[in-house]
Amino acid sequence: MANKTQEDYLVINGRRFRSRLMVGTGKFSSPQVMMEAIEASGAEIVTVALRRVELNNPEDDLLKYIDTEKYLLLPNTSGARDAQEAVRLARLTRAAGCEPWVKLEVTPDPYYLLPDPVETLKAAEILVKDGFTVLPYINADPVLAKRLQDIGTATVMPLGAPIGTNRGIRTKEQIEIIIEQATVPVVVDAGLGAPSHAAEAMEMGADAVLVNTALAVTPNPKLMAGAFKKAVEAGREAFLAGIPEKSLKAQASSPLTGFLRE
């Protein structure tokens, strides 16, 4: 385990990142507002929905604002309804010249946007064999998480709550099992609506978190992004320091002997 005397990098497939906060690019009121938030967040990984951009067009309204020398552009397959669609979208990114990194999302349900575990596993197997660095978005399912890391995904990304709900970590006990069993970084994704949610995930031992809606829909995305940055750093430091065990009984922090009357 790292500590504050050592460099504490997030390492994904051999690539090192100082920031443990990943940021999405949807729902912002303008590209300028989006970039102000991303810069304030300190994020180094920025995910973008393939259906929203033209990767081979440098004048695309969204892409022309993102400095790919500074940020790892992580295309996602949002909108894919099955493995076939997700694989096709991922391959389009590589054909457009992007690095072969992909955030794999397969969400056939348009109301809750919950990921399909069967199609996600199927797509991950194909993309890993294709040479992609695959970061799969999943339900907080420890069995699926283990299956995915066993076939070679670079991370697992369990949801805290459904996308865009801002409800925080409603899947805490399952994510704790995933973290305990993980041999790859665990990135808590979706549902984080407040900086305290991000801090909680990091205190639990998650390696990183991803947020989008919580930044994009607030009246001040830049300020909120800075708050998330601090929360992620605080949660990580608390985890590294070691959070004391809880106790039902009071534990005096000062000696109970030696009062003046004794």
Between [X] and [Y], which heavy-atom pair has the shortest distance, and what is it?
X: Val184; Y: Thr153; answer: CG1-O, 3.6 Å
X: Val23; Y: Ser41; answer: CG2-OG, 3.5 Å
X: Glu203; Y: Ala238; answer: CG-CB, 4.1 Å
X: Ile163; Y: Ala190; answer: CG1-CB, 3.9 Å
X: Ala216; Y: Pro221; answer: O-CG, 4.3 Å
X: Thr47; Y: Pro75; answer: OG1-C, 4.4 Å

Going by heavy atoms in the side chains, are [X] and [Y] under 4.5 Å from each other?
X: Ile12; Y: Leu10; result: yes
X: Arg20; Y: Glu233; result: no
X: Leu159; Y: Thr171; result: yes
X: Val106; Y: Arg81; result: no
X: Val102; Y: Leu135; result: no
X: Val209; Y: Met202; result: yes
X: Thr107; Y: Asp116; result: no
X: Ile179; Y: Met204; result: yes

Tell me whether [X] at atom [atom1] has more than 12 heavy atoms from other residues, nucleotides or ligands lying less than 6.0 Å away.
X: Gln32; atom1: CD; value: yes
X: Arg15; atom1: CZ; value: yes
X: Gln181; atom1: CD; value: yes

Hydrophobic clusters here meaning ILVMFWY residues chained together by side-chain heavy-atom distances under 4.5 Å, can you tell me if [X] and [Y] are in one?
X: Ile175; Y: Val211; value: yes
X: Phe132; Y: Leu104; value: yes
X: Val232; Y: Leu223; value: no
X: Leu113; Y: Leu192; value: no

Exercise. Between Glu7 and Arg18, does at least one N-O distance fall below 4.0 Å, as a salt bridge requires?
Worked result: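 Salt bridge flag = yes for Arg18 with Glu7.
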Once rounded to the nearest 0.5 Å, what's the spacing between atom [atom1] of [X] and atom [atom2] of [Y]?
X: Ser19; Y: Glu44; atom1: OG; atom2: CD; answer: 5.5 Å
X: Tyr112; Y: Thr165; atom1: OH; atom2: OG1; answer: 11.5 Å
X: Leu21; Y: Ile45; atom1: CG; atom2: CD1; answer: 10.0 Å

For this session: Indicate whether the side chain of Lys103 and that of Thr77 have a donor and an acceptor atom separated by less than 3.5 Å.
Result: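 On atom types as modelled, these side chains do not qualify, holding no pair under 3.5 Å.
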